[in-house]
Amino acid sequence: MLDDITRRIHDAERAANRAEGSVTLIAVSKVQPDARVREVLKQGHRIFGENYVQEAQGKWPAFREAYPDTELHMIGPLQTNKAKPAMQLFDAIHTLDRPSLAQRLARLAQEEGRCPDLFVQVNTGAEPQKAGILPADADAFIADARALDLPVVGLMCIPPDAEDPAPHFAMLADIASRNGLHNLSMGMSGDFEIAIAHGATHVRVGSALFGARSY
Ligand SMILES: *Cc1c(COP(=O)(O)O)cnc(C)c1O
């Protein structure tokens, strides 16, 4: 399965005239049985995404002992009271989605002397139930986060379920470009090739790689 996803990513890179290896695969291991995760580690993959701080705290210390070069990305909503363990555990956080979290992360970054790479989550569909900064507020939010010395490296989005994702990916790329941000976290199992065509640098693939999640 890993080989298959890697091949599809390379095909999409080539189709978009992008350099091979310009897209990073984040293997989304939330809720997956340890055996499946270990299988992908054994095959040599080292970049994983998790949605829940508590779940990641439970399973990754042991995996990391066996595979110390593992890189861990937080891709789920981050509660302010989980910000500290998240900062300690993750190499990147894709869900910076509100001013109160930016302020908390800035204070913790000073205390800890380090901060994971941050992606600002943009609610491209302006869906009321979905996290993320509204597109109209994105430029100001990015400027504020930079003023707090936060290492904002890119943007992230989750397009609305029932819509063509392409316009959402294009919007995210546009916001990134006018703000001088080079990383785009977009594309999941069902649409990562479309995301790559629109400039994704990080695709977050779970079920297509590990199989369906059973909650
Ligand atoms: C679960 C999840 C994914 C992976 O979804 P699949 O459809 O299984 O690939 C990607 N991004 C986020 C934010 C997720 O919560």
Side-chain angles (χ1 to χ4, degrees), residues 2 23-122 130-133 141 145-146 148-158 181 183-189 200-207 209-210 213-215:
L2 178 64
V23 177
T24 297
L25 169 63
I26 299 175
V28 177
S29 48
K30 66 171 173 222
V31 199
Q32 296 288 353
D34 283 359
R36 286 187 187 167
V37 180
R38 199 170 299 114
E39 193 55 40
V40 172
L41 280 162
K42 272 190 192 148
Q43 289 168 17
H45 194 72
R46 292 290 180 272
I47 304 172
F48 291 82
E50 288 284 345
N51 281 59
Y52 312 102
V53 173
Q54 212 167 343
E55 182 188 348
Q57 278 177 313
K59 72 202 227 196
W60 279 100
F63 284 145
R64 268 183 160 163
E65 207 156 297
Y67 301 95
D69 53 342
T70 298
E71 195 179 299
L72 212 51
H73 293 242
M74 173 63 175
I75 63 166
L78 182 55
Q79 294 170 268
T80 309
N81 65 3
K82 296 275 171 62
K84 186 164 184 173
M87 279 193 71
Q88 292 166 339
L89 186 61
F90 291 99
D91 300 290
I93 295 174
H94 290 235
T95 47
L96 173 53
D97 62 356
R98 60 193 189 278
S100 59
L101 182 60
Q103 280 150 21
R104 174 64 67 95
L105 290 174
R107 202 173 69 233
L108 289 168
Q110 286 215 319
E111 285 171 20
E112 308 263 317
R114 64 169 285 279
C115 188
D117 286 345
L118 300 176
F119 292 73
V120 171
Q121 182 174 356
V122 180
K130 199 168 270 179
I133 302 292
F141 182 80
R146 284 172 162 160
L148 290 169
D149 278 334
L150 289 173
V152 177
V153 301
L155 303 179
M156 177 270 215
C157 77
I158 308 169
L181 291 168
N183 292 289
L184 290 168
S185 168
M186 56 190 200
M188 308 182 12
S189 289
T201 59
H202 294 71
V203 293
R204 310 178 308 266
V205 180
S207 43
L209 180 61
F210 291 105
R213 287 179 290 275
S214 51
Y215 286 90

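All residue numbers in this chain count up from 1 along the given sequence.
- Atom CG of residue L155 and atom OG1 of residue T201 lie 9.5 Å apart, to the nearest 0.5 angstrom.
- Side-chain atoms of M74 and L89, non-hydrogen and from C-beta on, never get closer than 4.5 Å to each other.
- The structure places CZ of F90 at 8.5 Å from OG1 of T95, a figure rounded to the nearest 0.5 Å.
- Side-chain contact check for V40 versus Q32: every heavy-atom pair is 4.5 Å or farther apart.
- For the atom pair R104 CZ and R98 CZ, the distance stands at 9.5 Å (nearest 0.5 Å).
- The two atoms that bring F48 and L41 nearest to each other are CE1-CD2, 3.5 Å, heavy atoms only.
- Residues E71 and R46 form no side-chain contact, since every pair of their non-hydrogen atoms from C-beta on lies 4.5 Å or further apart.
- Partner of V120 under the side chain to side chain contact (heavy atoms under 4.5 Å, CB included) criterion, out of D97, I133, V153, L181: I133 alone.
- In terms of heavy atoms, A145 sits closest to L96 at CB-CD2, 4.5 Å.
- Between L209 and L2 there is a side-chain heavy-atom pair separated by less than 4.5 Å.
- Side-chain contact check for M188 versus V205: every heavy-atom pair is 4.5 Å or farther apart.
- In K84, the NZ atom is not crowded: 12 or fewer heavy atoms of neighbouring residues, nucleotides or ligands sit closer than 6.0 Å.
- Shortest non-hydrogen contact noted between L101 and A83 is CD1-CB, 4.3 Å.
- In terms of modelled atom types and a separation under 3.5 Å, the side chain of R114 and the main chain of M87 share a donor-acceptor contact.
- Scanning all heavy atoms of the two residues, the minimum distance from P116 to I93 falls at CG-CD1, 4.0 Å.
- F63 meets the ring pair (Phe, Tyr, Trp, His ring centres under 6.0 Å) test with W60; sequence neighbours excluded.
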### Message
Please determine whether side chain to side chain contact (heavy atoms under 4.5 Å, CB included) holds for the pair L25 and V203, giving the CA-CA distance in whole Å, both sets of side-chain angles, and the decisive distance to 0.1 Å.
### Response
CA-CA 5 Å; L25 169 63; V203 293; 4.2 Å; yes
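- Contact annotation: the side chain of Q79 never approaches that of V53 to less than 4.5 Å [non-hydrogen atoms, C-beta and beyond].
- Residues R64 and D91 are paired through a salt bridge, judged by an N-O separation under 4.0 Å between the basic side chain and the carboxylate.
- Ring planes of H202 and H73: tilted class, angle from 30 to 60°.
- Contact detail for C115 and P151: the closest heavy-atom pair is SG-CD, 3.7 Å.
- The CD atom of Q103 sits 9.5 Å away from the CG atom of L150 when rounded to the nearest 0.5 Å.
- Between E111 and R107, the closest side-chain pair of non-hydrogen atoms falls below 4.5 Å.
- At distances below 3.5 Å, not a single donor-acceptor pair connects side-chain atoms of K30 with backbone N or O atoms of G76.
- For R146, the salt bridge (charged side-chain N to carboxylate O under 4.0 Å, His left out) test picks out no residue, with sequence neighbours left out.
- When each of E55, E50, R213 is checked for a side chain to side chain donor-acceptor pair (under 3.5 Å) with S29, only E50 meets the rule.
- For the atom pair L78 CG and Y52 OH, the distance stands at 13.5 Å (nearest 0.5 Å).
- Between S100 and T80, the shortest heavy-atom contact is OG-OG1, 4.3 Å.
- Counting only distance, with no hydrogens or angles, the side chain of H45 and the backbone of I47 share a donor-acceptor pair below 3.5 Å.
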